[in-house]
Amino acid sequence: MAQRLVLRQLLSLTTRTLPPQGPLAPRAPLGPHGRAFGTSAGCRSTFNVQDGSDFQDRVVNNPKPVVVDFHAQWCGPCKILGPRLEKMVAKQEGKVLMAKVDIDDHTDLAIEYEVSAVPTVLAMKNGDVVDKFVGIKDEDQLEAFLKKLIGA
C-alpha cells in the first residue's frame with residue numbers, strides 16, 4: 001500500500017515536471033558544442049561546469065570575477081543557497097559570473113580546491129581564489145561577498 005502511494009506521488013510529480021515532447025514542442029537553441037543555452041540574464045551569468053577544461057576556460061582564464069558554487073544534489077543547504085546566490089549574481093548585471101560545480105560529477109575539482117564540505121563558495125579573480133565561505137549566507141552577506149569581489 002505504501003509503495004503504491006509513493007509510486008503514485010512520483011508519477012504525478014513526473015508528469016507535472018516533464019517538458020512537452022514531440023515535434024511541435026519548443027526547443028532550446030543549441031550552442032556550438034550541441035549544448036542548450038538560454039538567453040535570460042540569469043542564464044548568461046550562471047553556468048554549469050562540464051569538465052576540467054571547461055572550468056579552466058570559463059573560470060580560471062576568465063577576465064571577469066567568477067563565483068564558484070561547489071554543491072551536490074543530495075545537499076539540503078545547497079538547494080537553499082544555490083538559487084539565492086544565482087539571484088544575487090544576476091543582480092550584478094554581468095560584473096561577476098557564477099560557475100556551478102557538482103562535487104559528485106567533478107571530484108577532481110573539489111579535491112584540487114580543497115572542498116571538504118558543501119556548499120562551498122569560492123570567489124576567483126584572474127584565476128586565483130581571493131575569498132571563500134562554507135555554508136549558507138543570507139542575502140546581505142552574499143551582497144557584501146559579491147561587492148568585495150567586484151570591488152564596488
Would you confirm whether Arg84, through its side chain, and Lys137, through its main-chain N or O, come within 3.5 Å as a donor-acceptor pair? yes

Taking a hydrophobic cluster as the set of Ile, Leu, Val, Met, Phe, Trp and Tyr residues connected by side-chain heavy atoms closer than 4.5 Å, whether directly or through intermediates, do Val130 and Val89 fall within one such cluster? yes

Can you find a heavy atom in the side chain of Leu122 that is under 4.5 Å from one in the side chain of Phe70? yes

SG-CD1 distance between Cys75 and Ile103, expressed to the nearest 0.5 angstrom: 8.0 Å

For residues Lys132 and Glu114, report the shortest heavy-atom separation together with the two atoms involved. NZ-O, 3.7 Å

Any side-chain heavy-atom pair of Phe145 and Asp140 under 4.5 Å: no

For the residue pair Cys78 and Pro83, what are the closest heavy atoms and their distance? O-CD, 4.2 Å

Under 4.0 Å between a side-chain nitrogen and a carboxylate oxygen: does that hold for Lys100 and Glu86? yes

Using 0.5 Å steps for rounding, measure from the NZ atom of Lys91 to the CD atom of Glu143. 6.5 Å

Looking only at atom types and distance, does a side-chain atom of Gln50 sit under 3.5 Å from a main-chain N or O of Asn48, one as donor and one as acceptor? yes

So CD1 of Ile150 and CD of Glu93: to nearest 0.5 Å the spacing works out to 10.0 Å

Between Asn61 and Gln56, is there a donor-acceptor pair closer than 3.5 Å when you use the side chain of the first and the backbone of the second? yes

Worked verdict on Asn62 versus Leu97 for side-chain contact (heavy atoms from CB on, under 4.5 Å): CA-CA 9 Å; Asn62 203 316; Leu97 301 175; 3.1 Å; yes

Looking only at heavy atoms, the pair that brings His71 and Gln73 closest together is NE2-NE2, 4.4 Å

So, the side chain of His106 versus the backbone of Val49: is there a donor-acceptor pair under 3.5 Å, distance only? yes

Is the side chain of Lys64 donor-acceptor paired with the backbone N or O of Gly94 at a distance under 3.5 Å, no angle test? yes

Look at the side chain of Thr120 and the backbone N and O of Ser116, then say whether any donor-acceptor pair between them is shorter than 3.5 Å. no

How many angstroms lie between CG in Asp102 and CG in Leu109, if you round to the nearest 0.5 Å? 11.0 Å

Apply side-chain contact (heavy atoms from CB on, under 4.5 Å) to residues Asp108 and Tyr113 and explain how you reach the verdict. CA-CA 9 Å; Asp108 54 333; Tyr113 287 92; over 6 Å; no

same_hphob_cluster(Val134, Val101) at 4.5 Å side-chain heavy-atom cutoff: no

Between Pro63 and Asn126, which heavy-atom pair has the shortest distance, and what is it? O-OD1, 4.3 Å

What are the two closest heavy atoms between Arg58 and Val66, and how far apart are they? O-CG2, 4.1 Å

ILVMFWY cluster, Val129 and Val68 together (side-chain gap under 4.5 Å): yes

Rounding to 0.5 Å, atoms CD (Gln141) and CG (Asp138) come to a distance of 4.0 Å

Side chain proximity check, Val67 to Val96, heavy atoms < 4.5 angstrom: yes

If you group Ile, Leu, Val, Met, Phe, Trp and Tyr by side-chain heavy-atom gaps below 4.5 Å, do Ile111 and Val59 land in one group? no

CG of Asp131 to CE of Met124, rounded to nearest 0.5 Å, is 12.5 Å

Taking every heavy atom of Gly82 against every heavy atom of Asp69, the minimum-distance pair comes out as CA-OD2, 4.0 Å

Measure centre to centre between the rings of Phe47 and Phe55, then say whether the value is under 6.0 Å. no

Audit row: Val60, Asp128, side-chain contact (heavy atoms from CB on, under 4.5 Å) steps and yes/no: CA-CA 7 Å; Val60 176; Asp128 296 322; over 6 Å; no

